[in-house]
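Just below is one structure, and these are the notes that go with it.
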Number of protein chains: 2
Amino acid sequence: MNQITGVTAPKGFLSTGLAAGIKPSGKSDVALVLNSGPEFSAAGVFTRNRVVASPVKLSREAVGDGTLQAVLFNAGNANACNGAQGDRDARASVAHLSKLIDVPVDNIAVCSTGLIGELLPMDKLLSGIEQVAQSLGDSPEHGEKAADAILTTDTVRKQTVVQADGWTLGGMGKGVGMMAPSLATMLVCLTTDAKVSADQAQRALERAVAVTFNTLDVDGSTSTNDTVLLLANGASGVEPDAEAFEQAVLDACADLANQLQADAEGVTKRVRITVCGTEDDEQALNAARTIGRDNLFKCAMFGSDPNWGRVLAAVGMADAAMNPDKISVWFNDQPVCLNSTGAPGARDVDLSGADIDVRVDLGTGGSGEAFVRTTDLSHAYVEINSAYSS
Amino acid sequence: MNQITGVTAPKGFLSTGLAAGIKPSGKSDVALVLNSGPEFSAAGVFTRNRVVASPVKLSREAVGDGTLQAVLFNAGNANACNGAQGDRDARASVAHLSKLIDVPVDNIAVCSTGLIGELLPMDKLLSGIEQVAQSLGDSPEHGEKAADAILTTDTVRKQTVVQADGWTLGGMGKGVGMMAPSLATMLVCLTTDAKVSADQAQRALERAVAVTFNTLDVDGSTSTNDTVLLLANGASGVEPDAEAFEQAVLDACADLANQLQADAEGVTKRVRITVCGTEDDEQALNAARTIGRDNLFKCAMFGSDPNWGRVLAAVGMADAAMNPDKISVWFNDQPVCLNSTGAPGARDVDLSGADIDVRVDLGTGGSGEAFVRTTDLSHAYVEINSAYSS
């Protein structure tokens, strides 16, 4: 467990984070990750929301050619819904950084997270960029500082590392989930010293995101700023085979997704919902999401209440073929509903633990199966989210 | 305001409600509405959920021929997800009542609301049916007793009346909303002494439900038991024109929908969301629903927080064409976001009142428009719904 982790774990990545005064709390809020080469392959996955923040527009373009040398982060302000001024501010930040670190502007991505609809405090941000560019380092502490500076309502720093055969993949993240980030945004930055092409990186990243961040659904909301980036510099000299590389990216994303779920706003339960017995996997995923987004179900989970009727009521509205007389439900592997009828002892199933496993068979006889992970709906969730901007 | 209201307001309807011991609280839980003729036209609208309770299956069939003479209600048990035994119990209840009031079984509907997945306590229910059949009357108090007996977590009785030109339409309801009832179910029963055909009644009911109960969306959940029935006996001898009748049904449904929204679980805010500037009304409705179901938006409403960024983040995921650079938002008629950018003074808009009006223009230039009504997401909502079955 004393493994070096984070974005500076692979060779050739410099990073740090510090307080530029953007967060009213005075906590650190600006970070930089710099790839010092020799290669600059990059991949990115962005929010599916049609309302996208200025940094997302800029970063999509920057990573479009498969190359990135640096990623600038700020927390405390999402720079979303700020119109043309938001776009200008994002570009100005990158232009300022470009001169300081001597990297072309189109090789720099930028990620912002925080309140929507407030203009960036540019004087503080530009001054923070100057400081951060002068304080870069490759120690584990430098990676930690970057991981701290991207947090918003997160309560703990989130880092990961995968040690492979002669090469390393590291990373940091914040927020709650790609399909369903809570306050503002999910941001993830992965770094590796493996020698991989941009195409290979993009393929690996998309596959990993689909089964990790995209199966994490805390409240059904998708941010304007969600961004996952992967930078690869080949500094290890090792060219991993495609399978090994994809597995490492998957492992890193899965690890960060677990950390995000565990730290989701107001969470007291980690709930995994698996749906099977559908015609195909897509219908199973639709059904699992419908259950995972149902507030009545989520409240029951908060109350450790084995109220399986809410699972049936929720799934009955899902976009999935089902046999309404043959639906079965298990809580923590105990049958609570068989063929759409209560199973003996169903009300006595113990859901008091922090992890709850829900399995639902929709009874079509088909082989479709998929899962999502979600959390309960708690008093703390309401508390945190009713007092965010004020 | 001393108008006679409820299901016994029109001529020729008998009703009452009483405690049969189904609710653990000992509150009244069985009710009956009896149409004493001379005509027995009837219409019904039922849940869209594919998992439907036994009483819904039975009532759909009973009203299928456009005729009903009686509706039996029970609260405290939904008789949903009880398999073949649930169907048998629903039929046995109706058969028992049929003999007592001398009405054919296929002219009786049954509505149940309460916990899913528990068998009906048939001894208590059958004994309650006997008592209720012996206690019928046509006074306002009899109507009130029926309205009380169908409540679950409702805090107030819900009745309505429309006095028309020589005829009357009355009604009672419970629950939260057709598309989105919270605990278990929304039930509504309308009665009228107007002389209308079953087809006319069905058409009027469907039109009214579409723009009243179906625009009320408290938590996106749709019950296994939702039922809206309309009974017409022609006892006034008056045959209203189609328009006047449809207007009366609409007014009664709108009045009950307002009462349901005001009494929704844990509600501290009544929120009306109108979306315009879409290609058509359907896209506007999709967008309004997407905002109304977004937990982050609902938490902000609870906190009286004019955090319009959450409106944009939510609507960006809606199934509706939009111009992401031309979205505008008004809170209580004050502009908070114009062309996807914050408006001056947006953070100072006062949302401290109980009613909040949200208007969103998606900027396509189209003439589509629709609204939904929802509520905030409060601590009380979580409290009530985390401790229901236990």
Side-chain angles (χ1 to χ4, degrees), chain A residues 48-52 78 80-83 85-86 115-119 182-183 219-224 293-296 299-300 302-303 305-310 312-317 322 324-325 327 337 339-342 346-347 376-379 381-390, chain B residues 48-52 78 80-83 85-86 115-119 182-183 219-224 293-296 299-300 302-303 305-310 312-317 322 324-325 327 337 339-342 346-347 376-379 381-390:
Chain A
R48 297 176 189 174
N49 203 310
R50 266 165 300 175
V51 176
V52 300
C81 305
N82 286 331
Q85 188 60 46
L115 191 60
I116 295 177
E118 295 284 334
L119 288 175
S182 193
L183 291 188
D219 53 17
S221 307
T222 299
S223 156
T224 52
R293 289 182 180 176
D294 187 81
N295 280 351
L296 293 175
C299 283
F302 173 56
D305 180 358
N307 190 346
W308 56 268
R310 293 200 180 154
L312 264 70
V315 85
M317 292 303 290
M322 64 190 75
D325 296 324
I327 301 172
C337 170
N339 295 323
S340 302
T341 305
R347 303 277 174 211
D376 55 344
L377 179 54
S378 65
H379 287 300
Y381 178 91
V382 174
E383 190 63 31
I384 293 167
N385 287 304
S386 61
Y388 182 49
S389 82
S390 46
Chain B
R48 298 176 189 174
N49 203 309
R50 267 165 300 173
V51 176
V52 299
C81 305
N82 286 331
Q85 187 61 46
L115 192 61
I116 295 177
E118 294 283 337
L119 289 175
S182 190
L183 291 189
D219 53 17
S221 305
T222 298
S223 155
T224 52
R293 289 182 178 175
D294 187 81
N295 280 350
L296 293 174
C299 283
F302 173 57
D305 179 358
N307 190 346
W308 56 268
R310 293 201 180 153
L312 265 70
V315 85
M317 293 303 289
M322 64 191 74
D325 296 324
I327 300 172
C337 170
N339 294 324
S340 303
T341 306
R347 302 278 174 213
D376 56 344
L377 179 52
S378 65
H379 287 301
Y381 178 92
V382 173
E383 191 62 32
I384 294 168
N385 287 303
S386 61
Y388 182 50
S389 84
S390 46

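Proteins get letters first, then strands, A, B, ... in listed order; numbering begins at 1 in each. Bear in mind that the values here come from a model prediction, so they are computed numbers and not experimental data.
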Practice task
Please round to the nearest 0.5 Å and tell me the distance separating atom CE of B/M317 and atom OG1 of A/T224.
Solution key: 11.5 Å

Practice task
Please flag which part of A/L119 lies under 4.5 Å from any non-hydrogen atom of chain B: side chain, backbone, both or neither.
Solution key: neither

Handout entry: Interface residue of largest heavy-atom contact number with chain B, from A/D325, A/V52, A/V51, A/V315, under 4.5 Å
Key = A/V51

Problem - Region of B/Q85 in contact with chain A, defined by heavy-atom distances below 4.5 Å - result: neither

Practice task
Heavy atoms only, distances under 4.5 angstrom: which of A/L377, A/N339, A/I327 has the most pairs with chain B? Name it, please.
Solution key: A/L377

Handout entry: Best-contacting candidate, A/P324, A/S340, A/G342, against chain B by heavy atom pairs under 4.5 angstrom
Key = A/S340

Completion exercise
Heavy atoms of A/R347 and B/E118 approach each other most closely as NE-OE2, 2.7 Å

Handout entry: Those residues that, when tested against B/N82, pass side-chain hydrogen bond (donor to acceptor under 3.5 Å, both in side chains) (two or more places apart)
Key = B/N79

Exercise for the section: Apply the test side-chain contact (heavy atoms from CB on, under 4.5 Å) to residues B/L312 and A/N49: give CA-CA distance (whole Å), side-chain angles for both, the deciding distance (0.1 Å), then the verdict. Expected result: CA-CA 10 Å; B/L312 265 70; A/N49 203 310; over 6 Å; no

Exercise for the section: Check side chain to side chain contact (heavy atoms under 4.5 Å, CB included) between B/S378 and all other residues, then give those that pass, not counting sequence neighbours. Expected result: B/T268, B/F302, B/D376, B/A380, B/Y381

